[in-house]
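This is a predicted model, so every value here is computed, not measured. Letters A, B, ... mirror the listed sequences (proteins, then strands); counts begin at 1.
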Protein chains: 2
Amino acid sequence: MRKTSLILLTTFLLSVSAFADEGMWMLSQLKQLDLNTKGLQIKPEDVYSPDQTSLTDAIVWLGGCSASFVSDQGLLLTNHHCAYSALQRNASKSGIDYIKNGFLAQNRSEELPALGTNAYVLEKIEDVSDKILLSVKNISDPVQREKIVQEKMAAMEDEIEGNREDVSARVASMFKGQQYWLFVYKKYQDVRIVFAPPASIGKYGGDIDNWMWPRHTGDFTYMRVYMAPDGSGAKYSPDNVPLHPKNHLRISQTPLREGDFNFIIGFPGSTTRWHSSYSVAWSLQHRFKERIREFSEILQLMDDFGEKDPQAKIKLAGFHAGLANAMKNYQGNVDGMERTDFVNQKRAFEAELMRFINQNPETKGKYGHILTDIAEQYKHLEATYQRDAAVGNLGWLAGNMSSLASQIYSVAREREKPEAEREPGFSERKVKQAAERLQYRFLSFYEPFDKELFLRALQKAKSLPNDQKISALQPILSKQNLKEFVDEAYAKTKLKDPAVAKELFFKSTKELNALDDPFIQLAAKLYDLNQQIKEEKKSFNAHINELRRAYIDALYAWKGEGLYPDANSTIRFTYGYIKGYQPKDAVWYRPFTTLTGVVEKNTGQEPFDMPAKLDTLETTKSFGLWEDPQLHDVPVAFLNTCDITGGNSGSAVMNAKGELIGLAFDGNYEAMTGDWQFDDSIQRTIAVDIRYVLFLTDKYAGADYLLKEMGLGK
Amino acid sequence: MRKTSLILLTTFLLSVSAFADEGMWMLSQLKQLDLNTKGLQIKPEDVYSPDQTSLTDAIVWLGGCSASFVSDQGLLLTNHHCAYSALQRNASKSGIDYIKNGFLAQNRSEELPALGTNAYVLEKIEDVSDKILLSVKNISDPVQREKIVQEKMAAMEDEIEGNREDVSARVASMFKGQQYWLFVYKKYQDVRIVFAPPASIGKYGGDIDNWMWPRHTGDFTYMRVYMAPDGSGAKYSPDNVPLHPKNHLRISQTPLREGDFNFIIGFPGSTTRWHSSYSVAWSLQHRFKERIREFSEILQLMDDFGEKDPQAKIKLAGFHAGLANAMKNYQGNVDGMERTDFVNQKRAFEAELMRFINQNPETKGKYGHILTDIAEQYKHLEATYQRDAAVGNLGWLAGNMSSLASQIYSVAREREKPEAEREPGFSERKVKQAAERLQYRFLSFYEPFDKELFLRALQKAKSLPNDQKISALQPILSKQNLKEFVDEAYAKTKLKDPAVAKELFFKSTKELNALDDPFIQLAAKLYDLNQQIKEEKKSFNAHINELRRAYIDALYAWKGEGLYPDANSTIRFTYGYIKGYQPKDAVWYRPFTTLTGVVEKNTGQEPFDMPAKLDTLETTKSFGLWEDPQLHDVPVAFLNTCDITGGNSGSAVMNAKGELIGLAFDGNYEAMTGDWQFDDSIQRTIAVDIRYVLFLTDKYAGADYLLKEMGLGK
């Protein structure tokens with residue numbers, strides 16, 4: 001594919017101005033998209049309007065996932081994998097395996113608290129660019145500028161949130177700081193699980209099918225959002241009542257067809273569409289290739305424990321799923337980048353850009369330095385990369401004890417700083433929230449694995465090259481028997497007790513030091529280096545951000561067209577069409593899968609272990625209202641050309657009339673470099689068809705009351 | 001897929017009379033196929049006629065493969081994998097790796113003798129049913145009947161062949177002995193290799209892509225058939241001259257399109273379309289599942305040796321390819337049979353058949369016993385199955401020494417029998433031929449592997465259950481250290497010298513026994529048991545054959561339609577259409593692959609290690625005359641619905657006008673149970689497109705003289 005794809009890709013990169021239908025657009029950009037000529041059959045104001053009720057009012061952020069209201073009783077649809085942690089926590093707590101068995105509340109009183117889940121309902125979007133940028137108008141040092149911006153953003157957020165637990169404010173930078181937008185959410189803290197299918201439906205195909213088409217996963221879960229009787233987004237209480245959302249989505253009654261116009265409103269997490277070739281090369285090596293090695297070792301470790309102990313499997317399921325998912329993503333990026341020789345293509349593109357820049361003394365003066373400056377930044381980063389990675393690992397890939405101690409010790413140190421020197425994001429309220437969340441973290445704590453992970457991280461640190469050794473750690477690392485040290489540390493630490501750990505969030509460094517806890521001691525030893533690395537990263541980020549902003553400016557100057565900002569977990573709109581694709585020579589993927597396909601894949605073995613009842617429904621053709629008249633089958637999943645990424649999981653997919661037709665839950669493997677470039681010919685959104693969701697609700701679960709609630713009379 | 005496929009399959013089995021377009025038809029059956037309404041644009045007599053020149057005169061049997069003449073100078077096209085052993089033998093002999101490098105003769109004097117290859121040109125087809133059946137008219141014992149038939153067939157063959165080296169006669173049983181047909185071939189023993197692409201083209205995709213679509217293998221080789229100046233099919237001599245065949249195929253100049261009518265004339269090896277459910281169950285267990293275990297162990301052994309020693313890899317390449325191919329076939333059969341629950345479906349079908357049979361006292365009397373009798377036969381077979389398999393292995397899966405000794409000792413014993421008691425096939429001429437072929441066998445002899453294989457077979461024999469132990473072997477098997485025994489045997493034997501081994505084919509048993517050779521001794525020990533097993537198999541075959549014949553009779557009585565006989569390496573005709581298929585839910589396979597697809601698959605690593613030159617040709621779009629106007633690319637392989645099986649490899653695929661459009665080289669994985677049932681919706685022939693062959697001949701190899709010879713002026 002090498003050569004052919006190069007040609008395709010060059011064409012793509014050089015025509016960056018002609019966007020086809022790509023883009024994760026800010027809602028404020030909707031009007032420039034001319035959506036009615038593209039196929040939208042309602043007014044763009046019906047999709048989003050700051051002044052009147054619109055479909056956007058039915059869209060919910062779950063912090064990491066997206067969702068939408070489907071009834072006036074706070075009923076919400078999202079992906080099964082977005083409810084996965086909540087199910088797992090309930091399972092750990094109750095001993096009932098809600099992941100394996102699924103869960104259906106027969107009535108509201110049976111609903112399970114979706115432990116750790118908050119529903120954020122957007123109340124306000126405001127362009128605050130002027131306010132933020134005014135404060136840094138005359139500041140040329142990028143680090144200084146960034147610091148002030150961060151402080152300003154945090155202050156703005158704090159001012160709005162005040163001490164209200166149910167308000168969340170976030171200022172987000174767009175186009176690397178060209179614009180700043182404020183998003184204010186009402187935060188509902190009492191979310192409950194209503195109906196989750198068993199993993200043999202909701203995770204059917206598991207890691208094997210993850211990112212793959214054809215897909216047969218029933219990746220959905222119903223939740224319900226509650227509020228206090230006074231309307232506030234209070235924590236769980238039996239007195240709480242279902243939320244009456246401002247709007248909710250109507251379910252489509254029209255069969256989907258190839259070519260149909262679709263759109264999605266959701267919260268895509270992060271893209272890097274406008275990053276330079278240096279960024280690509282760095283990510284390919286460090287973010288993808290090295291992480292793949294790292295994650296596969298850790299996954300293997302978890303598999304080994306899981307085989308020996310079912311409890312380990314349940315406790316580690318969430319972490320396992322997260323790493324496996326990320327690893328497949330990284331591998332897809334490596335495959336895609338290597339196949340298309342993406343680094344060199346970006347370089348060729350940048351050579352073209354430089355030709356444009358250098359043609360004119362003015363553009364040359366403004367942008368001529370960008371690429372060499374970017375290169376310089378990455379050189380700095382490289383010099384201490386291995387050390388930084390090893391230190392980083394001790395904070396998040398070295399088991400819960402190590403990362404918890406690091407978090408606790410940092411909080412204490414931060415608290416003891418003069419207020420002006422503290423991190424902009426620091427507040428006692430946030431510390432309290434972190435301490436509260438600890439209980440969920442402990443549901444995933446499995447000591448034997450935790451120990452192995454810690455040992456592994458220490459060994460990594462021990463094997464660093466001489467010029468990058470962590471001197472503060474040498475007393476530990478020089479021990480003959482690291483395993484012995486680890487065993488002793490776990491035997492001695494008090495952090496394993498959630499109640500103790502929670503209290504430590506409010507202790508002083510002096511009190512912490514007095515504990516003589518091995519993990520706290522380790523955290524204390526690493527603190528200075530961690531701070532130093534943090535400062536170095538801040539400096540890098542501030543500089544690179546400035547350069548990236550200039551890079552986008554140059555693109556504007558060159559191509560003279562509007563762009564959409566990279567994704568950053570703020571609300572976005574994307575549209576496209578139902579469409580198959582050609583994954584390789586002589587193969588055509590059609591855009592619909594069916595229940596027959598679910599049965600075809602069934603082996604009886606996880607992850608292809610469809611419930612027997614589904615087999616019966618298929619054999620007896622008990623499709624009910626959910627049979628597609630052309631497929632003569634229940635549609636399961638579909639493809640469209642919408643432009644999404646991680647964070648969009650659970651997003652409502654709507655048709656030209658704005659009716660709900662499915663829930664986005666994945667992208668396809670062939671387009672896994674999609675965060676770096678959008679390729680219309682192979683990039684697809686994978687969505688679970690709402691008819692499969694309803695078929696399962698109806699025929700599999702017999703949850704008629706949910707159908708009725710959604711206005712689907714039976 | 002279970003349930004759905006069951007329904008499909010039942011429908012298929014119950015409509016056995018409605019053949020759609022399946023069938024490997026005898027040439028004498030052509031007229032009943034109404035081919036002109038099916039799409040054939042020439043007269044059926046142009047395809048085959050006993051009286052005048054027809055396309056069939058251009059079709060050649062290579063003994064195991066098929067081929068066709070493409071010039072009046074004896075130029076022949078077949079598959080690369082059909083020339084594989086000949087290339088390997090030349091490589092072993094010369095030290096030049098013709099498999100890796102490929103081979104192109106710049107002129108006739110450079111052509112390489114295709115060691116071990118004979119070209120059989122059909123001269124006569126005759127229905128000899130009456131002659132054969134007359135001799136057994138009044139014989140009711142199936143074993144006796146079969147013996148007489150075999151003798152009669154052999155006598156008929158011998159009479160025609162006489163002592164002529166270049167005539168080969170074969171009488172074949174059709175419909176399990178309902179009919180007998182005589183085929184007389186002229187046997188050309190001087191066949192030479194003209195142009196074989198490197199394995200990186202001719203075996204591109206290797207075992208991974210074997211049986212798979214989409215396919216990108218350039219599976220072709222040109223050979224040339226020579227004759228003595230007097231016209232006889234003499235062995236290689238520099239004085240020989242190219243054969244002027246009676247007819248040769250013209251190359252199509254019309255682009256292929258989906259839906260086009262195609263047909264194939266070739267030599268399919270073996271099918272079992274009309275076998276009973278007992279036969280299916282037996283094969284599933286013993287022929288497929290157990291062999292898969294066995295072969296995968298042996299393949300692993302070869303891989304290990306191949307990694308350590310490149311010589312081992314070359315020498316074992318042919319054996320390795322053969323086992324790997326067979327194993328994938330077996331696995332496909334297991335997958336297909338289990339997926340469709342084929343055994344139970346056959347049983348359901350037979351229950352229907354029995355209902356029909358039992359409705360009427362006459363049919364009940366004639367056929368009522370068939371199935372219970374078949375069951376009885378398989379019960380006998382099962383009782384000694386493990387012993388029989390272990391003894392069998394010592395004859396063919398225990399290394400060359402063991403099988404050679406077994407062959408040599410059997411020949412001596414056979415020779416010493418009174419003529420009337422000998423095997424019908426035995427003749428001194430055939431012994432001589434076997435002795436001659438020994439030289440090729442030794443090119444694949446690699447002692448360390450041979451020893452391991454022998455040891456393995458002895459260990460298998462040792463582990464037999466008590467009631468099936470081989471008493472004659474106990475003195476050997478009871479040794480403490482079997483490995484020591486094997487080492488000593490290989491150190492001592494004289495069979496490793498090809499010249500010595502050749503001579504032994506003409507020794508008496510007394511002389512052989514006097515040699516004190518460990519392998520000859522082993523063969524002698526096993527001889528009686530081998531003979532006993534042979535007699536038991538003969539009895540089983542005679543009985544089962546008779547029952548299968550009755551089974552087919554019953555089918556005739558039930559369905560009242562003509563059938564085609566199971567394949568048996570005799571010449572057959574099959575037709576179909578260019579057509580893609582749906583391998584699974586939401587996936588459609590198109591019927592053409594392209595050069596772009598070859599490049600897509602290229603990883604630079606075997607078996608996806610396309611030559612750099614091909615990359616250049618693709619990048620520069622140097623397609624010449626071989627670009628398809630719709631694909632805008634060079635077509636590589638295509639699919640049609642023709643009904644073929646092993647033995648058809650290398651067969652000419654022709655269009656409606658009888659012009660050559662490609663060479664069949666594989667079937668698709670999804671239809672690997674095709675030998676047991678034909679399913680129009682998923683069974684496909686995979687052929688290399690003649691335009692890819694010509695593109696490579698022209699642009700890759702620059703062999704203009706071959707194009708000219710085929711009438712393709714440049």
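Contact annotation for A:Tyr589: both backbone and side-chain heavy atoms come within less than 4.5 Å of a heavy atom of chain B.
Of the possible polar contacts, none joining the B:Lys203 side chain to the B:Gly218 backbone as a donor-acceptor pair under 3.5 Å is found.
Salt bridge annotation for A:Lys601-A:Asp609: absent, with no cationic side-chain nitrogen under 4.0 angstrom from a carboxylate oxygen. A salt bridge between A:Asp666 and A:Arg215 is present, with a side-chain N of the basic residue lying under 4.0 Å from a carboxylate O of the acidic one. In this structure, A:Glu338 pairs ionically with A:Lys289, as a charged nitrogen and a carboxylate oxygen lie closer than 4.0 Å. Between A:Arg257 and A:Asp628 there is a salt bridge, since a side-chain N of the basic residue sits under 4.0 Å from a carboxylate O of the acidic one.
A:Tyr204 pairs in a side chain to side chain contact (heavy atoms under 4.5 Å, CB included) with only one of the listed residues (A:Glu606, A:His80, A:His216), which is A:His216.
Along residues 685-695 of chain A, no residue comes nearer than 4.5 angstrom to chain B, judged on non-hydrogen atoms.
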